[in-house]
Amino acid sequence: MANREFYDCIIIGGGPGGLSAGIYALRASMRTVLIEKAVTGGQIVLSDEVENYPALGSLSGAELGQKFLQHAQDYNLEIVSQEVVELVPGLENHTVRLADGETIRAHAIILATGGSPRKLAVPGEDELYGKGVSYCAVCDGFFFRNKSVVVVGGGDSAAEESLYLAKLASKVYLIHRRDKLRASMILQERLFADPKIEILWNTTVSAILAEGEEVAAVTLEDTQTGETRHFPTEGVFVFVGFDPNNALVPAGIKLNADGYVCTDEKCETGIDGIFAIGDLREKYARQIVVSAGDGCTAALAAAHFVELRRHAQE
Ligand code: NAP
């Protein structure tokens, strides 16, 4: 397999952070490639509606993802559809190995691999995935029209997806382990006002049960009394948080206790020339606008780093 030429900057991940980094990297005249294994646009393309990306009002996640992609393409960002299997840091430059065996080297790497939905880790969850268990209301909600479903979680994702599902399902039971939601107030107000949504407080799902091949019920547990009950439902939507996709982060880069990458204010990790941005990076707010901001910061810092490297090697 022929090796590609050397790049100034390789961006791994094509969500809002990675695409924003691509725009800024090209504006800084860095020879840049972005590598994405799945859908360019990132997790947001699965969102029904995004209404907090400043200046754009309300639009679908797919539309916003397309806008990010189009903007990066306007700068002729090179995008490779491949899986990165390894990132090997080096003193002179860094090497990225792709699933097809190809290797690409660069002065700077921007890791923008985001995160993945966390599982509930209860009996029945894995076996019934795609048979009533889902992690994406926009993808699968259609199959639950006029059916009764449960949503598990208490954050922004659980709230947003419950509101979306309430437009399709006959009833949405939002199951939360505490007596207070973590979701933003504006979403909470909408949840409380929606007649199709009922919140079951202080409750967890301890098993997902099937009849034949499909989900038929869950076992609910009261977190205060420990009592359990059989609760019929046709769909289980799980939104209990998010784990960073940190498998490519090389040894020697510090992660916090939850697996997020620790960086400085330039989004640079402890290894020179390797940056981490977006939902992979330890930070206060996991928002699209913050990921885009991270992309800008890392690309500008990477451009400065590349310039110094070039001078040093002349
Ligand atoms: P999150 O904010 O971490 O919330 C996860 C929820 O799941 C929490 O309510 C948590 O309960 C509950 N939970 C965790 N593990 C559980 C378990 N094993 N069993 C039952 N419940 C469990 O995750 P998220 O909602 O996916 O959001 C992730 C990040 O993206 C957040 O920073 C969020 O603000 C952001 N986000 C923003 C938007 C938006 O702005 N429109 C939309 C989506 C996501 P506790 O509350 O008891 O911990």
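Keep in mind the model is a prediction, meaning the values are calculated, not measured. Read the numbers this way: they start at 1 and go in the same order the structure lists the ligands and their atoms.
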Checklist entry - What atoms of ligand 1 come within less than 4.0 Å of a heavy atom belonging to Glu160? => result 39 (C), 41 (N), 42 (C)
Checklist entry - What's the shortest distance from atom 37 (C) of ligand 1 to any protein heavy atom, and which residue and atom give it? => result Gln287 NE2, 3.3 Å
Next on the checklist: Quick check: closest heavy atoms across Thr233 and Val150, and the distance to 0.1 Å?
Outcome noted: OG1-N, 3.5 Å
Checklist outcome for this item: The protein heavy atom nearest to atom 32 (O) of ligand 1 is Arg286 CB, 3.4 Å
Item to check | Nearest-neighbour protein heavy atom for atom 38 (C) of ligand 1, which is reported as residue plus atom name and distance | outcome: Asp156 CB, 3.7 Å
Checklist entry - In terms of atom number and element, which parts of ligand 1 are under 4.0 angstrom from non-hydrogen atoms of Asn52? => result 39 (C), 40 (O), 41 (N)
Next on the checklist: What I want to know is whether Thr204 and ligand 1 share at least one N or O pair that is separated by under 3.5 angstrom.
Outcome noted: no
Item to check | More than 12 heavy atoms from other groups under 6.0 Å of CZ on Phe192 | outcome: yes
Checklist outcome for this item: Taken in chain and number order and not counting sequence neighbours, the residues that satisfy disulfide bond (SG atoms under 2.5 Å apart) with Cys136 are Cys139
Checklist outcome for this item: Rounded to the nearest 0.5 angstrom, the CD1-CD1 distance for Ile175 and Ile199 is 11.0 Å
Next on the checklist: Under 4.0 Å from a heavy atom of Arg178: which atoms of ligand 1 are those, numbered in the order shown and with their elements?
Outcome noted: 45 (P), 46 (O), 47 (O)
Item to check | Glu211 atom CD, neighbour heavy-atom count above 12 within 6.0 Å | outcome: no
Checklist entry - Do Tyr53 and Phe68 make the cut of ring centroids closer than 6.0 angstrom? => result yes
Checklist entry - Do Arg310 and Asp8 sit within salt-bridge range, that is, some charged N less than 4.0 Å from a carboxylate O? => result yes
Checklist entry - Just distances here: any N/O of Ser157 and N/O of ligand 1 closer than 3.5 Å? => result yes
Checklist entry - Can you find an N/O atom of Gly154 closer than 3.5 Å to an N/O atom of ligand 1? => result yes
Checklist entry - At the 4.0 Å heavy-atom cut-off, does Lys180 count as touching ligand 1? => result no
Next on the checklist: With heavy-atom distances below 4.0 Å as the criterion, list the atoms of ligand 1 near Phe239.
Outcome noted: 7 (O)
